[in-house]
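Model, not experiment: these values are computed from the prediction.
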Amino acid sequence: MDLPLVPRIPTDNLYKFVALSGVLMLVVGVALPFVVIYRQDNESRSINAEMDVRSARLSTVVQQLKRSNDFLRGGGSRRSYEAMRDSANRVIDSLTVTEPLIKTRRAAWKEQYDFFDIPVIIGMCMAAAGLLLAVWGFASWYIKLQKPLDALIAKQSASVPAPPDV
């Protein structure tokens with residue numbers, strides 16, 4: 001029933017829009033967990049690198065203190081010993097300043113990692129919804145629009161006489 005005052009909605013474009021939106025949602029839903037995993041992995045590596053640097057600096061301080069102790073026992077001057085000890089103390093002071101910062105970053109990372117399941121679940125839901133939209137959109141477009149057009153074209157081509165052979 002066509003009403004003369006109500007325009008017809010171009011459903012061809014609507015079905016294609018729904019189908020392509022579904023494909024886009026599917027792609028984003030599949031990619032989202034991988035992006036979250038990539039970011040988490042980078043943050044973990046960054047924190048571990050900072051911890052490695054801190055451990056290396058701490059082992060350097062321990063070696064420096066051992067050398068200064070050996071130096072003093074071996075008859076070295078008190079002034080040289082105090083210079084080495086002051087240098088080691090400065091490194092220890094810098095380590096005590098950076099340690100809380102690293103612990104804070106690690107705690108924030110662990111807290112963020114606890115919510116890792118949420119983006120994965122959202123991504124899976126988006127992918128499922130996108131798959132449903134894509135299947136429905138393409139199926140509706142094909143069944144409701146393309147099949148009747150194919151039948152019409154076949155009917156019209158059957159009624160057209162063949163060109164004469166020259």
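The shortest non-hydrogen separation linking Met25 to Gly130 is CB-CA, 3.7 Å. Across all their heavy atoms, Leu26 and Ala127 have their closest contact at CD1-O, 3.3 Å. Closest of all the heavy-atom pairs between Pro33 and Pro119 is CG-O, 4.5 Å.
Cluster membership check: Ile143 shares its hydrophobic cluster with Leu145, using side-chain heavy-atom separations under 4.5 Å among Ile, Leu, Val, Met, Phe, Trp and Tyr. Taking hydrophobic clusters as Ile, Leu, Val, Met, Phe, Trp and Tyr residues chained together by side-chain heavy-atom distances below 4.5 Å, Val135 does not share a cluster with Leu132. Phe17 and Leu131 sit in two unconnected hydrophobic clusters of ILVMFWY residues. Membership requires side-chain heavy atoms under 4.5 Å apart, directly or through other members.
Of the possible donor and acceptor atoms, none in the side chain of Ser46 sits under 3.5 Å from a partner among the backbone N and O of Asn42.
Under the side-chain contact (heavy atoms from CB on, under 4.5 Å) criterion, Val28 pairs with Leu24, Met126, sequence neighbours left out. Applying the side-chain contact (heavy atoms from CB on, under 4.5 Å) criterion to Val35, with sequence neighbours excluded, gives Arg39.
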From CA spacing to verdict: side chain to side chain contact (heavy atoms under 4.5 Å, CB included), Val18, Trp141: CA-CA 10 Å; Val18 169; Trp141 169 74; over 6 Å; no
Determine, step by step, whether Phe138 and Leu133 satisfy the side chain to side chain contact (heavy atoms under 4.5 Å, CB included) criterion, reporting the C-alpha distance in whole Å, the side-chain angles of both residues, the deciding distance to 0.1 Å, and the verdict.
CA-CA 8 Å; Phe138 283 125; Leu133 279 176; over 6 Å; no
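Sorted by first then second residue, the side-chain hydrogen bond (donor to acceptor under 3.5 Å, both in side chains) pairs that include residues 147-158, not counting sequence neighbours, are Gln146-Asp150.
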